[in-house]
Amino acid sequence: MNRDPDFEFGSDPGPGFDPDLDLVLERIIRAPRATVWRAWTDPARLERWWVPAPARCRVDHLEPRPGGAFVTRLSEDGGGFVPHLDACFLAVDELHRIVFTNAVDSAWRPADPTPVAMTATITLADHPEGTDYRMVVRHGDPEARARHAKLGFAEGWGSVADQLTALAESTDTRRAAR
């Protein structure tokens with residue numbers, strides 16, 4: 001595993017965090033890292049939490065490896081699906097970290113995504129109660145960060161993090177046995 005030796009959980013969102021450019025979201029998920037990891041890397045599980053309910057997600061491509069495609073579609077009403085995310089994985093360290101960007105699409109072409117270009121780093125660490133889950137979303141300039149925040153980053157990404165939490169905690173066989 002190519003673990004970042006400078007990364008530590010706590011009050012600092014991690015190395016290179018710039019509050020003028022980056023947004024952060026954190027949760028303690030009461031499930032093992034492997035369960036959370038599967039929710040990110042199994043297309044059927046990702047579809048269950050990746051977009052805010054009641055919208056629905058369809059995964060077209062999910063190749064969790066450096067250079068792999070991350071392409072999803074969205075349906076607001078369960079009917080027709082429209083493009084949602086066309087991104088590329090930059091780093092994938094099993095059970096620890098996923099980094100993807102929509103600034104490069106799944107075919108490795110430069111992109112100008114709507115509503116904002118970003119690079120997201122999802123980091124998982126052991127926690128006494130399960131998994132310490134952190135997402136840092138990096139932007140190229142303060143205006144892009146502000147636009148993402150104004151569009152509802154905390155609410156939208158927060159709701160999908162809550163959906164991820166609910167899914168992971170409900171599928172954790174350790175908890176189900178208690």
Side-chain angles (χ1 to χ4, degrees), residues 1-9 13-18 21-27 29 31-52 55-75 81-126 131-141 143-145 147-148 151 153 156-157 160-161 163-165 167-168 171:
M1 172 180 355
N2 297 327
R3 193 172 177 137
D4 182 344
D6 296 326
F7 185 87
E8 291 182 23
F9 279 91
F17 181 80
D18 183 336
L21 298 174
D22 307 331
L23 296 165
V24 66
L25 181 138
E26 298 178 273
R27 296 286 187 279
I29 300 176
R33 278 191 299 155
T35 300
V36 179
W37 183 262
R38 279 190 304 276
W40 262 102
T41 58
D42 175 344
R45 290 182 179 161
L46 185 72
E47 286 180 345
R48 293 173 58 188
W49 67 268
W50 180 237
V51 298
R56 305 214 26 226
C57 174
R58 177 177 295 151
V59 174
D60 289 344
H61 300 285
L62 184 65
E63 301 165 349
R65 60 175 171 72
F70 185 9
V71 181
T72 61
R73 295 185 172 272
L74 167 77
S75 173
F81 283 80
V82 298
H84 172 248
L85 177 71
D86 187 352
C88 178
F89 288 102
L90 301 176
V92 178
D93 299 321
E94 190 169 350
L95 298 176
H96 174 66
R97 181 177 68 157
I98 296 172
V99 183
F100 68 90
T101 186
N102 66 353
V104 176
D105 70 19
S106 58
W108 294 10
R109 297 197 182 279
D112 187 17
T114 301
V116 63
M118 62 173 186
T119 298
T121 301
I122 295 84
T123 311
L124 311 176
D126 288 331
T131 301
D132 197 335
Y133 176 82
R134 174 170 294 146
M135 177 178 284
V136 176
V137 178
R138 302 177 195 290
H139 303 86
D141 56 59
E143 294 76 23
R145 181 209 181 274
R147 183 168 53 255
H148 204 178
L151 287 169
F153 170 83
W157 289 61
V160 298
Q163 291 169 184
L164 166 61
T165 299
L167 175 66
T171 58

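Index from 1, following the sequence. Here the structure is a predicted model, which is why all the values come from computation and not from measurement. Keep in mind that the numbers below use all heavy atoms, side chains included, and drop hydrogens, waters and symmetry copies.
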Looking at every heavy atom in both Leu95 and Ala34, which two are closest together, and how far apart are they? CD2-CA, 3.6 Å
Arg97 backbone acceptor or donor facing Asp93 side chain under 3.5 Å: no
To the nearest 0.5 Å, how far apart are OG1 in Thr114 and CG in Asp112? 6.5 Å
With a 4.5 Å heavy-atom cut-off, do Glu94 and Thr41 have their side chains touching? no
Is there a donor-acceptor contact under 3.5 Å from the side chain of Asp86 to the main chain of Val71? no
Is there a donor-acceptor pair closer than 3.5 Å between any side-chain N or O of His139 and the backbone N or O of Leu21? yes
Would you confirm whether Arg145, through its side chain, and Asp22, through its main-chain N or O, come within 3.5 Å as a donor-acceptor pair? yes
Indicate yes or no for a side-chain donor-acceptor contact from Thr131 to the backbone of Tyr133 under 3.5 Å, with no hydrogens or angles considered. no
Do Val59 and Trp50 have side chains that get closer than 4.5 Å, going by heavy atoms? no
A quick test of your reading: do over 12 heavy atoms of other residues, nucleotides or ligands sit less than 6.0 Å from CZ of Arg48? no
Is there a donor-acceptor pair closer than 3.5 Å between any side-chain N or O of Glu26 and the backbone N or O of Asp132? no
Has Ser106 got a side-chain atom pairing as donor or acceptor with Cys88's backbone, closer than 3.5 angstrom? no
Shortest non-hydrogen contact between Trp108 and Gly67, atoms and distance: NE1-O, 2.8 Å
Please name the pair of heavy atoms, one in Cys57 and one in Phe81, separated by the smallest distance, quoted to 0.1 Å. C-CE2, 3.8 Å
Residues Trp37, Ile122; criterion side chain to side chain contact (heavy atoms under 4.5 Å, CB included); working and verdict: CA-CA 10 Å; Trp37 183 262; Ile122 295 84; over 6 Å; no
All heavy atoms of Leu167 vs all of Ala39, minimum pair found to be CD2-CB, 4.2 Å
Enter the distance from Thr101:OG1 to Met118:CE here, rounded to the nearest 0.5 Å. 7.5 Å
Taking atom OG1 of Thr35 and atom CG of Asp42, what is their separation to the nearest 0.5 Å? 11.5 Å
Any side-chain heavy atom of Thr119 sitting closer than 4.5 Å to one from Phe100? no
Taking every heavy atom of Val116 against every heavy atom of Arg147, the minimum-distance pair comes out as CG2-NH2, 4.0 Å
Distance col, row Leu74:CG vs Arg58:CZ, nearest 0.5 angstrom, shows 11.0 Å
Could you grab the distance from atom CG of Asp105 to atom CZ of Phe70, nearest 0.5 Å is fine? 14.0 Å
Is any side-chain heavy atom of Thr123 closer than 4.5 Å to a side-chain heavy atom of His96? yes
With sequence neighbours excluded, tell me which residues meet side-chain hydrogen bond (donor to acceptor under 3.5 Å, both in side chains) with Arg45. none
All heavy atoms of Val136 vs all of Val24, minimum pair found to be CG2-CG2, 3.9 Å
Can you confirm whether Leu46 sits close enough to Trp40 that some side-chain heavy atom of one is under 4.5 Å from a side-chain heavy atom of the other? yes
Roughly how far, to the nearest 0.5 Å, is the CG atom of Leu85 from the CG atom of Asn102? 6.0 Å
Do Trp157 and His148 come within less than 4.5 Å of each other through their side chains, counting heavy atoms only? yes
